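As structure tokens, the structure follows; a few thoughts come after it.
Every value quoted in this text rests on a predicted model; they were computed, and no experiment measured them.
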Amino acid sequence: MPYQTSFDSRWNRAFIPKHHWHFHRRLYQHYRLVLGPGDFSRIQKDIRSGHALLVESSSPKRFIYFVNVRNLHERIYVLSDGKRLITAWPPEARLAEIRRGLSP
């Protein structure tokens, strides 16, 4: 049987800027997820609007957030400076314990 892939038509005329590729590579490496068009922007919007759960500060200007990727029904950790996504953070038991303590 030949190898077949399904193409998400939402990607027509859409692209990923070169400076975002690090995030997408790490997201796939840690979670085996590929975002659809608009998912990246929604993650940024959730962080900026306060909908993402701030788990911890990794430095004075960088923070680890727990974010829901709605279209994929998955939750991930991301490192951000509050304006841009820096990388997809690997899931860690330590972060899960912190997150459980923060969630109501």
Side-chain angles (χ1 to χ4, degrees):
M1 178 180 267
Y3 178 75
Q4 294 179 335
T5 61
S6 59
F7 179 74
D8 186 341
S9 62
R10 295 178 301 161
W11 278 107
N12 284 335
R13 298 186 190 150
F15 72 98
I16 299 172
K18 188 175 182 178
H19 60 279
H20 291 169
W21 271 106
H22 173 79
F23 176 86
H24 290 276
R25 282 192 299 268
R26 293 299 168 253
L27 180 66
Y28 187 77
Q29 177 185 12
H30 297 308
Y31 297 95
R32 297 289 187 236
L33 296 177
V34 177
L35 298 178
D39 290 339
F40 186 87
S41 297
R42 275 187 228 100
I43 292 170
Q44 285 182 313
K45 184 178 178 181
D46 285 348
I47 289 172
R48 290 178 185 150
S49 67
H51 286 99
L53 179 64
L54 174 61
V55 178
E56 81 173 7
S57 173
S58 68
S59 73
K61 294 184 180 181
R62 292 184 174 190
F63 309 93
I64 299 173
Y65 292 92
F66 187 64
V67 182
N68 184 14
V69 183
R70 294 180 197 126
N71 288 341
L72 299 176
H73 306 289
E74 295 284 342
R75 293 186 176 117
I76 62 171
Y77 293 100
V78 297
L79 180 68
S80 174
D81 63 5
K83 297 178 185 174
R84 63 185 178 90
L85 300 179
I86 298 168
T87 191
W89 202 262
E92 299 175 0
R94 173 185 65 82
L95 293 176
E97 288 296 321
I98 294 169
R99 180 180 47 81
R100 285 187 203 105
L102 296 173
S103 298

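Ion pairing between R94 and E97 fails under the 4.0 Å rule for side-chain N and carboxylate O.
Among the candidates N71, L35, V67, the single residue satisfying the side chain to side chain contact (heavy atoms under 4.5 Å, CB included) test with R42 is N71. Considering H30, H22, R26 as possible partners of T87, the one that fulfils the side chain to side chain donor-acceptor pair (under 3.5 Å) test is H22.
Partners of R32 by salt bridge (charged side-chain N to carboxylate O under 4.0 Å, His left out), not counting sequence neighbours: none found.
Applying the side-chain hydrogen bond (donor to acceptor under 3.5 Å, both in side chains) test to residues at least two apart or on different chains, the pairs with a partner in residues 59-70 are D46-R70.
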### Task
In sequence, state the C-alpha distance, the side-chain angles, and the governing distance for H20 and F40, and then conclude on side chain to side chain contact (heavy atoms under 4.5 Å, CB included).
CA-CA 9 Å; H20 291 169; F40 186 87; 3.3 Å; yes

### Task
Walk me through it: do F63 and I47 pass the test side chain to side chain contact (heavy atoms under 4.5 Å, CB included)?
CA-CA 10 Å; F63 309 93; I47 289 172; over 6 Å; no

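Shown here is R48, whose CZ atom has more than 12 heavy atoms of other residues, nucleotides or ligands within 6.0 Å.
We find the CG-CD1 distance between D39 and I76 to be 9.5 Å, quoted to the nearest 0.5 Å. Distance check: R84 CZ to L79 CG gives 9.0 Å after rounding to the nearest 0.5 Å.
Between F23 and A88, the shortest heavy-atom contact is CD1-N, 3.5 Å. Considering every non-hydrogen atom in both S49 and H51, the closest pair reads OG-ND1, 2.6 Å. Minimum interatomic distance between P90 and L95 (heavy atoms only, all atoms of both residues): O-CD1, 4.2 Å. Between L72 and V34, the shortest heavy-atom distance links the atoms CD1-O, 3.7 Å.
In this structure, F66 and Y77 have tilted ring planes: the angle between them lies in the 30° to 60° band.
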